[in-house]
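Have a look at the structure below, then the notes.
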Amino acid sequence: MRLYLADLGHNLVSTTSDTYPLGVANLAAYAREYAKPKSGLEVSLYRDPQELKAAIDAAVPDVIGFASYAWNHQLALSFADYVKARNPNVVTLMGGPNFPLTEAEQASWMQDMPLIDIHVRGPTYEGERAFLNLINRYIEVGERREGLFEEAIDGSLYVDRKTGEIIRGGEVQRMRDLDEIPSPYLGGFMDKFFHTKLFALMQLARGCPFTCTFCNSSVKSNSKVFRHSFERTKADLDYIVERIDRSSPLCFADDNFGMYVQDEEVADYLGHLMDTYDWPKYIRTTTGKNRGDRIIKVMRKAKGRLPMTSSVQSLNPVVLKNIKRDNISLDTYSEVQKELHDQGMQSYGELILCMPGETKESFMKAVDDLIETGVSRVAAHQLMLLHGAPLANPESRREFGLRTKHRIVARCLGRYTGDETVVETEEMVVESSDFTFQDYLDTRAFHLLLTIFFYEDNFQEAFQFARDRGVRPYLVVRHMLENLDKAPEKIREMIADYLEENQSELFDTREACVEASTQNYDGLISGELGGNLLSKYSMIGRFVLVQEALDFLGASIADLLGDEDRETTAMLDAIIGFYRCVMLHVPFRKTLEEAPLWQTEYDIAAWRASDYKRPLSEFRFGKRREIPTEVDQRVKSVLLSRLDSFGEHPSGLGRFTRTMFATDFRRRVGEGAAQEARAS
């Protein structure tokens, strides 16, 4: 039996699915281990659409399975169409979390996809057992589609094409020991991806004890957490580290990494790998929503290469009740942040716009409160109504007055099998009973400024300088928003373009969105239009309009400080001058080769290194000094590799900067020269 399993990612604008396809690899490993032997199972995995097309053209499979997510569903359907056109008898399967919860919505969903024969779905997004049931049935009936639909298959659903009836198989039980799934790494299924620019992905545990209604991990049957053994995890890590490009990050697909005692053992071993191989240099995952003490331990063991993502989503008690979520108290949260700061580690706070019961005022207050706990960055995601999430159900929409628009999923479009434009769209909440559309636009503009300026301590020196004089970071960013008319012209134009694109990308229906995407295809593919707008414009602010951004930051802080003395002005100017010298920017290939001399009267680097425990005035040199700067060679190597993979345009920059720290994009200050200058 020839079996193709595809977890496709769009790649014409930029690589959108940047990790190894772990989900379908697990299916492949499970089926190869447990499927009933008959004609033998030949399994191939695909991430790139071009590779899948070439494979289909060379040899049509007997069975093809597609992973469905919000960012690749239409791409999967286009390939189902393509393979059916070559052989209508190919059995087409689809699985994944992108599937409605209510039976009525499921029926409509499946009936609108006649090219998909069977939807493989367990009750908890664990499709391995369901998939095996289907493959075994196919083998039992002689590997022909005719007998496949004679009765229900546990873990799967399909439409009886003669009667239109939905045939539902029974539920499959969850796996309590994830080691039941043979390792796709040790089994060789991932070998083909080690030589790509994709990132290694692992999953240590499945399940989430939280019931947040906006998330498609919140179903009750998914509430218990089961995991792989440490021995299995260690074996996978050993296999990966021997084969991977060690400048590449490591990604975990866990919902709450670091929250469980077993994660400490994993973190210990990660520390060993860092000591031995200097890998991984960055770990991308979602950290736990409570047990801050344990998360701190895990982060310590990970040597600062694992940032904590504190996904509070809202601090409004009304919202938290509406979405069935519990957060740790702000006091506890602040204690966690202090410990992280003392250990030199970073953490991020996450909010979501337009949550049920949220107001503009409560959202802005939450940003201020989160910053004051000590986080290094605050992200404000937009609320998407996802298939499989309770908040997307019709009754929830009515209860909270959710008004939605449709837009292209960033960079997720293209033409892959012919002239048809394949477009992924998402349904965004842009208004609720308590949050107007104008509130939505105002907070989007505020969040863009926040993302440019308050990002991973990138401008920490300037914000600390303002804080020492009684001005909180939130007040600086709010002042920028309220005084955009005083901003440099290019900054004003950037904000105006951002808001215009925010509105122009929103459509009342998916159909209207697809039509506009087809008409504007060339601009969307080139990156001139569309993309993740927050990411794109924040990249412009951080790496293109660097000098203008620094002008605006310096002027805004000066405005808030008022009529300060000459020394205060000189120190603020010194901080801004420091940034102009050390910050890398577009064009990177040129600026990576430059080593400008930092001319200063104040040792900003030493002030930062002291954790600002003494005032900047005490770090004044006797006279103006020139101090050399240089780019760290490791950072240079990683940056050049990422530029080759993703490009230097704003959309490409947004793809790889999230796997590097903001301060990686700075030149180092020459230590020897700085010490000599201080001594004199």
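- Under the 6.0 Å distance and 45° angle rule, R129 does not count as a cation-pi partner of F131.
- Rounded to the nearest 0.5 Å, atoms OG1 (T443) and CG (L353) are 4.5 Å apart.
- At most 12 non-hydrogen atoms from other residues, nucleotides or ligands lie less than 6.0 angstrom from CD of E500.
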Between R397 and E427, does the salt bridge (charged side-chain N to carboxylate O under 4.0 Å, His left out) criterion hold? Intermediate values first, please.
CA-CA 12 Å; R397 296 169 183 252; E427 189 178 8; 2.6 Å; yes

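- Ring centroid separation for the pair Y4 and Y46 comes in under the 6.0 Å cut-off.
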Yes or no on salt bridge (charged side-chain N to carboxylate O under 4.0 Å, His left out) for D497 and K536, after CA distance, side-chain angles and deciding distance?
CA-CA 11 Å; D497 290 346; K536 180 170 78 172; over 6 Å; no

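- Atom NZ of K192 sits in a crowded spot, with more than 12 heavy atoms from other residues, nucleotides or ligands closer than 6.0 Å.
- Salt bridge R407/E426: present, at least one basic N to carboxylate O contact under 4.0 Å.
- Among T16, N98, D7, the one residue that satisfies the side chain to side chain donor-acceptor pair (under 3.5 Å) test with N72 is D7.
- Side chains of R145 and N89: no donor on one and acceptor on the other come within 3.5 Å.
- For the residue pair S68/H73, the side-chain donor-acceptor check at 3.5 Å is satisfied.
- A 4.5 Å side-chain heavy-atom check between Y416 and F79 finds at least one atom pair inside the cut-off.
- Judged by distance alone, the side chains of E358 and N322 never bring a donor and an acceptor atom under 3.5 Å apart.
- When side chains are defined from C-beta on, E515 does not count as touching F507, because their heavy atoms never get closer than 4.5 Å.
- A salt bridge does not link D419 with R415: none of the charged nitrogens is closer than 4.0 Å to a carboxylate oxygen.
- Aromatic ring orientation, Y158 versus F149: perpendicular (interplanar angle above 60°, classes split at 30° and 60°).
- Here R227 does not pair with D254 in a salt bridge; the nearest charged N to carboxylate O distance is not below 4.0 Å.
- No hydrogens or angles considered: a donor-acceptor pair under 3.5 Å links the side chains of D442 and Q438.
- Between F194 and Y185, the two ring planes are tilted [angle within 30° to 60°].
- Between E431 and K405 there is no salt bridge, since none of the side-chain N atoms of the basic residue sits less than 4.0 Å from a carboxylate O of the acidic one.
- Applying the 6.0 Å contact sphere to CD of Q503 captures more than 12 heavy atoms from other residues, nucleotides or ligands.
- A donor atom on one side chain and an acceptor atom on the other are not found under 3.5 Å apart for T15 and D18.
- Ring geometry for F99 versus W109: interplanar angle over 60°, hence perpendicular rather than tilted (30 to 60°).
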Full working for side-chain hydrogen bond (donor to acceptor under 3.5 Å, both in side chains) between Y34 and E180
CA-CA 10 Å; Y34 301 113; E180 180 180 319; 5.5 Å; no

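- Around the CG atom of D508, the shell of radius 6.0 Å holds no more than 12 heavy atoms that belong to other residues, nucleotides or ligands.
- Considering only heavy atoms from C-beta on, I118 comes within 4.5 Å of L134 through its side chain.
- F435 and Y440 have their aromatic ring centers separated by at least 6.0 angstrom.
- At a cut-off of 3.5 Å, with distance as the only test, a side-chain donor of Y537 or E501 sits close to an acceptor on the other residue.
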Test side-chain contact (heavy atoms from CB on, under 4.5 Å) on R47 and T19 and set out the steps.
CA-CA 9 Å; R47 173 67 94 191; T19 60; 3.5 Å; yes

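- The closest side-chain donor-acceptor pair between E424 and Y69, if any, does not fall under 3.5 angstrom.
- A centroid separation of 6.0 Å or more is found between the aromatic rings of H10 and W71.
- Tested against I153, the residues I167, N133, N136, I135 include a single side chain to side chain contact (heavy atoms under 4.5 Å, CB included) partner, N133.
- No donor-acceptor contact under 3.5 angstrom links the side chains of D434 and T359, judged on distance only.
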